[in-house]
J.: 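The structure is given below, and queries will be raised subsequently.
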2 protein chains.
Amino acid sequence: MVRVGLDLNKIIQTAVEIADNEGLEAVTLASLARKLSVKSPSLFNHIKGLASLKSEMSLYGLRLLLEKLKISIEGKEQDEALSAMAYAYVEFTREHPGLYEITIQAPEEIDGELKKASDEIVELIIHVLKDYNLDHNNMIHTIRGLRSLLHGFSSLEQSGAFAMSISVEESFEFLIKNFIKSIHQINKESNIK
Amino acid sequence: MVRVGLDLNKIIQTAVEIADNEGLEAVTLASLARKLSVKSPSLFNHIKGLASLKSEMSLYGLRLLLEKLKISIEGKEQDEALSAMAYAYVEFTREHPGLYEITIQAPEEIDGELKKASDEIVELIIHVLKDYNLDHNNMIHTIRGLRSLLHGFSSLEQSGAFAMSISVEESFEFLIKNFIKSIHQINKESNIK
DNA sequence: ATTATAAAACTAACGGTATTAGTTTTGTGT
DNA sequence: ACACAAAACTAATACCGTTAGTTTTATAAT
C-alpha cells in the first residue's frame, strides 16, 4: 500500500487522457484506478463518484476551451477575431475529442460553476460580436447560430459523418467565411429599412 | 412462462420509447426486459446484444427521419423545400430526442444498411440543393454546413444550452433564413467573376 | 389427435461495473 | 514518540451484459 499521492487534479488529468485517447465511454472508475495504480474505492477519497468526476471534467474542459478562445482573439477584432475564434474552437475539439464531448453534457451542476464557465464563453462570443453592432435579438440569434455551426461541425466530424472526398478543412473555411458574410448582410438590411 | 410474442420490431419500438422518454442512457437490456415482461436473456433470441440493438435503433431512426424529410419537401422546391426540410429535421429531433441521439452515433455497421440510410438522407439534401446550381465543391460545403447547423442546433437545444430569454424558435427561423440567403449569395459571387 | 421439432422463453452462473462500510496503513504536526 | 486525520486498502452488495444449458410452447407433419 504505497501511497501514490493522488489528488483531484491528477485524477481529472488522467480521466481526460483516457477520454481523449480511448473515448469518453472508456472513462470508468475501474480503468481510471488501473491507470493510477490504485483500487477503485480509493478514488472516493477524492471524488464523489463517476457522475461527479464527469462534471469536474466538464468544468475543466469549459475553462480550457475558454482560455484557448481568449488567446485566439488577442489583438484581433471583427472578422479576424471571429474567424480566429472559430478555428480555435474546432482545433480544441480535435485536440480533445473526449473532453469536448463531456463538456457538452455534464451530468450535474457544480455549485453553479458549470453555468458560470459556460456563460463566460458566451460572454466572449458576445464580446467579439459587439464589433458588428447587431441589435439585441440579432445578437442572440447570431450567437446561437455560431454555436450551432461550430458544435454541429465538430460533432459530425468526430462521428465520421463527413465522408465525402473533399477536404473537411476547406469546407470549414467556406462555412466560416460565409457565416461572417451573412452577419454583415444583417446590418445592410437594417440600413435599407 | 407465458409466451409474450416478442420480435425484433417490438423490441426496437420499446427501446425507442425508453430512449425518447427517459433518455438514451436509460436504454439497458434490463430496463427493456422489464418493460417487455421478460427476463433479459430472452432478448438474445432476437438481438445479438445491446450494441447491436442500438445499431438497429439507429437504422430505424435514420429511415424514419428520411421519410419525414421526404414528406416535408413534397411539391416544393428551392427555398421553400429547403426551409421545410430544415423545420422537419428539428421537429424530428424534438419528437425523438433519444432516437435522434443514437442515430448520430451507431456503435456498429449493419451490413452497410446504416451507411446506405445515411447516404439516402444526403442524397435528399443534394436533391433539394440542386435547385441552386452550385458547383460541385460548393455543393459539398453547403451540405456540410446545413448538416452542421441542423445537428448543432438540435444537439445544443436538447442539452439545454440555449438558455437566453429569447424564443429558440425565432432564432431557428432567423438562422435558416440567413443560411438560404447565404446560398444565393454564393452564386451571385460566381457571376461577378 | 399425436408427436416431433424448432423457436422462445426460462434459470443459473460469470465477469465487469459503481458504490458503501469498515479496516489498515501512513504521513504529519504536536 | 505519539496522536490523528487522510489515504489507501479489503470485503461485500447491487446492478449490468452475456453465455450456457434447460424447459416450455406453438406449429407443422404424420
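Worth knowing before you read on, the calculation uses all heavy atoms, side chains too, and leaves out hydrogens, waters and symmetry mates. Just so we're on the same page: letters track the sequence lines, and every chain starts at 1. The shown structure was predicted, so the numbers you read here are calculated from the model rather than taken from an experiment.
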J.: Please give me the minimum heavy-atom distance between B:E108 and B:S52, naming the atom from each residue.
T.: OE2-CA, 3.3 Å
J.: Please report, rounded to the nearest Å, how far the P atom of D:dA7 is from the CG atom of A:L36.
T.: 14 Å
J.: Of the listed nucleotides (D:dG17, C:dT17, C:dC10), which one gets closest to any side-chain atom of B:A30?
T.: D:dG17
J.: Whole angstrom is fine here: how far is it from CD1 in B:I11 over to C1' in C:dA9?
T.: 12 Å
J.: Can you identify which nucleotide, out of C:dT17, C:dT11, D:dT10, has its nearest atom closest to the A:K39 side chain?
T.: D:dT10
J.: Nearest-Å distance, NZ (B:K10) to C1' (C:dA8)?
T.: 13 Å
J.: So, does the side chain of B:N45 form a donor-acceptor pair with the base of C:dA9 at under 3.5 Å?
T.: yes
J.: Could you tell me whether B:K54 and B:E101 have a side-chain N and a carboxylate O separated by less than 4.0 Å?
T.: no
J.: Looking for any heavy atom pair under 4.0 Å, which part of the strands does A:S42 touch: base, sugar-phosphate only, or nothing?
T.: base
J.: What is the distance, rounded to the nearest whole Å, between atom CG of B:L32 and atom C1' of D:dC15?
T.: 16 Å
J.: Using whole Å, report how far CG of B:L6 lies from P of C:dA9.
T.: 5 Å
J.: For A:K39, I'd like to know if atom NZ has over 12 heavy atoms of other residues, nucleotides or ligands within 6.0 Å.
T.: no
J.: Going by an N to O cut-off under 4.0 Å, is there a salt bridge joining B:K68 and B:E95?
T.: yes
J.: In whole angstroms, how far is the P atom of D:dA11 from the CZ atom of A:F44?
T.: 18 Å
J.: Could you tell me how far apart A:L8 (CG) and D:dA8 (P) are, to the nearest whole angstrom?
T.: 13 Å
J.: Decide, yes or no, whether a salt bridge links A:E157 with A:R94 under the criterion of side-chain N to carboxylate O below 4.0 Å.
T.: yes
J.: How close or far is atom C1' of D:dA20 from atom CG of B:L43, stated in whole angstroms?
T.: 17 Å
J.: As a test of reading the structure: which of D:dA8, D:dT18, C:dT17 is closest to the side chain of A:V38, going by heavy atoms?
T.: D:dA8
J.: Is B:R34 close enough to D:dC16 that one of its side-chain N or O atoms is under 4.0 Å from OP1 or OP2 there?
T.: yes
J.: Quick one: CG on B:L69 to CG on B:L150, what's the gap to the nearest 0.5 Å?
T.: 9.0 Å
J.: Does a side-chain N or O from B:H46 land closer than 4.0 Å to OP1 or OP2 of C:dA9, or not?
T.: yes
J.: Which listed nucleotide (D:dA11, C:dT11, C:dA18) is nearest to the side chain of B:P41?
T.: C:dT11
J.: Between A:K48 (side chain only) and A:F44 (backbone N and O only), is there a donor and an acceptor less than 3.5 Å apart?
T.: no
J.: Where along residues 48-57 of chain A does a heavy atom fall under 4.0 Å from DNA chain C?
T.: A:G49, A:L50
